[in-house]
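Notes follow once the structure below has been shown.
A note on names: the letters A, B, ... follow the listed sequences, proteins ahead of strands, and every chain is numbered from 1. Owing to the predicted nature of the structure, the values given are computational and were not obtained by experimental measurement.
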Protein chains: 2
Amino acid sequence: MTRTKVKNMEEFAALCGISRPTVSKYFHDPESVRVHTRNRIEAALAEYDYRPNIFAMNQNRKLTKNVGIVVPYLADPFFAEIARNVEQRCIDAGYRPTLFSSHGDRDLEVDILDNLRSLKPAGVLLAALGRGSDRAAVDRFCEDVPTVLFDSNVEGAGLAFVGSDNPQFSFLMVDYLCRTGAPPTFFEMKNPSNPNANKRRQGYIAAMEQLGHEPAIVQVKGDGWEFEQIGRREGIAALNSGQFATNTVLCSNDRLAIGLISACYELGLKVGREDDAQIRIAGQDDHPFARFTCPPLTTVAQDYDSISRTAVEVLFRSIEGDVRDHERLLFEGKLVMRDSA
Amino acid sequence: MTRTKVKNMEEFAALCGISRPTVSKYFHDPESVRVHTRNRIEAALAEYDYRPNIFAMNQNRKLTKNVGIVVPYLADPFFAEIARNVEQRCIDAGYRPTLFSSHGDRDLEVDILDNLRSLKPAGVLLAALGRGSDRAAVDRFCEDVPTVLFDSNVEGAGLAFVGSDNPQFSFLMVDYLCRTGAPPTFFEMKNPSNPNANKRRQGYIAAMEQLGHEPAIVQVKGDGWEFEQIGRREGIAALNSGQFATNTVLCSNDRLAIGLISACYELGLKVGREDDAQIRIAGQDDHPFARFTCPPLTTVAQDYDSISRTAVEVLFRSIEGDVRDHERLLFEGKLVMRDSA
DNA sequence: ATATAAATTTTACGCGCGATAAGTTTTTAT
DNA sequence: ATAAAAACTTATCGCGCGTAAAATTTATAT
């Protein structure tokens, strides 16, 4: 282990006793050189401290090994988790992921896409803001850069969409709630940032009708991504004015549910499925914090793992030339029964 | 708005009617060229679609405008929030931040630092894993790259450390708890990943002694960064075996407290400061979710804003040549009284 | 052993910009 | 108005690597 600093590929190639273009080829794809050659390079790599200059590499390559990962709101642990998952898969596939968060801000999302362009990424995994997105900007971006959308769909854009089968989520939970007690009222934001919310509402309505109940929806105002805050504030208002038709509430997502549970506590309402409980609350997502609410939140778990795995797979497949029609890949959720409903 | 694609700086300079070196100078620092020149460039910039090639730019520059931001665990909303804050400040200062999370993994942290090196960053803002860090690797990195540590200190490394005055946090809370009820027992992990935990324990002990009470500490086992899980699981065990000396518990951090509140719920213990409550629980950090626990968590708020602002300021000061001795900049916390204690 | 294909080397050029030096123009100060 | 300073232009080189074509070596098959 000499660990001498090697200035450039020229010098490193000389140390290997191999020509620079071959070494270059090795770094592009180690499998593309003869075993003997590969061994010599890897021996030298172990002995000397050399790494190709990343800027020079990317300058002329038509396709870099960069991958952009964009999520709408990183302060939401759900996105942090899925980003982490996706990130690791990219690394394992030999790519260089870079993580961006739009922080719920339309302009920032556009800026990120602009910056991403200049990174000449091989591909991008984009969970868009949804309603908050600049539709035209997203479309333009998807035309220029191979992009797989996940979690939050932008109709027609990108190579594919990978996400959850949201109507199924609602159906699953409505069915469960109806079997075990009163049919649920749906609790959501009036102008949800996320398109999944609409699918969930539709799923709720369909499920209720199919089971012979009258759908009841409480839509509250509130902008931005501070869902817990909105769930709490508007939850207090809704509870005080008796807006919930029954003693059972299905929230559009877990973060709203967390806020609503907090609202119930504030008002002294006992949440749960015991006989003495006054209200049942269920969420959707299986947010990382859902198991720590009081009571722990009954919810529908997103299939994190399948979504992230599939999103990455689809992206790399099309990067490597397997082009096919725009796909919509939806994964079912699983009922997670805890104590809140 | 012609929005014609411009290939390179040469071409763009021609469109401006200005020489390339001057345009280059403009991009390096817009203030460095005459007003008249600046206006012409900016007019052309508005008309044509040109952005300097980022790879070519960084290739020869001694110092890039890249800034690395490294946090230990992005799935913790606290780090997501502070990262966001820091990120924005870097952008405002004209730098290009890139966000990395070590995901609680020692090897990943080392990898990140290695990759960061090849980005030739102007500076790095590093919240290290702490006990989980490869001390030697961090030291080596800090010698090569201007680095400001934040949140989690690595003694002696880097240009400066910016964080919280942890003993003060504990003191503040111990004092409050003692004034309003029984003196607290300290609840923490036996081998905390984060060095702040040790300072907080020491602060707790000092505060208790100063106020004439006997310190009582419950140390639970558990590795990793899933603090809520640990707080819940070990909290149940500790409560069942009566390990808490008094009816008041000060947790080393909010995430443990969230787990402990969940444990109390599980065991049917009423948490709060009302007369009929059986246990008081307090945290430290003012985690984004602390206000939504049931009851809402009494805690000590970290001064997010000062910490992120100062960390960025110190880094840019030293990048721009204002070198000074290794500084330790600590910010005080503020008591946030909610209902849990 | 010979033919053929595959892998490698040589040679040569280009990418887009940073940096510098020498010469020219413009601005600012006196 | 004149000199000095500042800003700009022109010219040229270099960074570290990608890439392509042609020449050469090596491996594989007949």
Fill in: Partner residues of B:A43 under the side-chain contact (heavy atoms from CB on, under 4.5 Å) criterion, sequence neighbours left out
none
Fill in: Gap between atoms CE and C1', on B:M57 and C:dG16 respectively (whole Å)
11 Å
Discussion item. Regarding A:K5 and A:E11, does a basic nitrogen lie under 4.0 Å from an acidic carboxylate oxygen?
Written reply: no
Response to the item:
Separation between CG (A:L330) and CD1 (A:I307), nearest 0.5 Å, reads 9.0 Å
Practice prompt. Give A:Y50 one of three labels, base, sugar-phosphate or nothing, depending on what nucleic acid heavy atoms sit under 4.0 Å from its own.
Written response: sugar-phosphate
Worksheet, complete the sentence: chain B vs DNA chain D, heavy-atom contacts under 4.0 Å, first-to-last nucleotide span, 5' to 3', is D:dA7 to D:dG16
Discussion item. Without decimals, in angstroms, what is the distance between A:E10 CD and C:dA12 P?
Written reply: 14 Å
Discussion item. Just to verify, what does B:R89 make a salt bridge (charged side-chain N to carboxylate O under 4.0 Å, His left out) with, not counting sequence neighbours?
Written reply: B:D305
Discussion item. Any non-hydrogen side-chain atom of A:V33 less than 4.5 Å from a side-chain atom of A:I18?
Written reply: no
Discussion item. Under 4.0 Å, heavy atoms only, any strand: does B:P21 hit a base, just the sugar-phosphate, or nothing?
Written reply: base
Practice prompt. Determine the contact category for B:S19: base if any of its heavy atoms lies under 4.0 Å from a base atom, sugar-phosphate if only primed atoms, P, OP1 or OP2 are that close, otherwise nothing.
Written response: base
Practice prompt. Give the rounded distance in Å between these two atoms: CD of B:E11 and P of C:dC15.
Written response: 12 Å
Discussion item. Would you call the rings of B:F12 and B:F27 parallel, tilted or perpendicular, taking 30° and 60° as the class edges?
Written reply: tilted
Worksheet item: For the pair made of CZ in B:F12 and P in C:dC17, what is the distance, rounded to whole Å?
Response: 11 Å
Worksheet item: Just how far, in rounded Å, is P of C:dC15 from CD1 of A:I54?
Response: 22 Å
Practice prompt. Could you tell me the separation between the NZ atom of B:K25 and the P atom of C:dA19, rounded to a whole number of Å?
Written response: 12 Å
Practice prompt. Find the distance A:F55:CZ to C:dC15:C1' and express it as a whole number of Å.
Written response: 16 Å
Worksheet entry | Distance in Å, B:D139 CG paired with B:T147 OG1, rounded so as to fall on 0.5 Å steps | 10.5 Å
Discussion item. Return whichever of A:R20 or A:R34 has its heavy-atom-nearest nucleotide of DNA chain C closer to the 5' end.
Written reply: A:R34
Discussion item. Nearest whole Å is fine: how far is C:dT8 C1' from A:R38 CZ?
Written reply: 14 Å
Worksheet item: Counting only side-chain N and O atoms of B:S24, is one of them less than 4.0 Å from OP1 or OP2 of C:dG18?
Response: yes
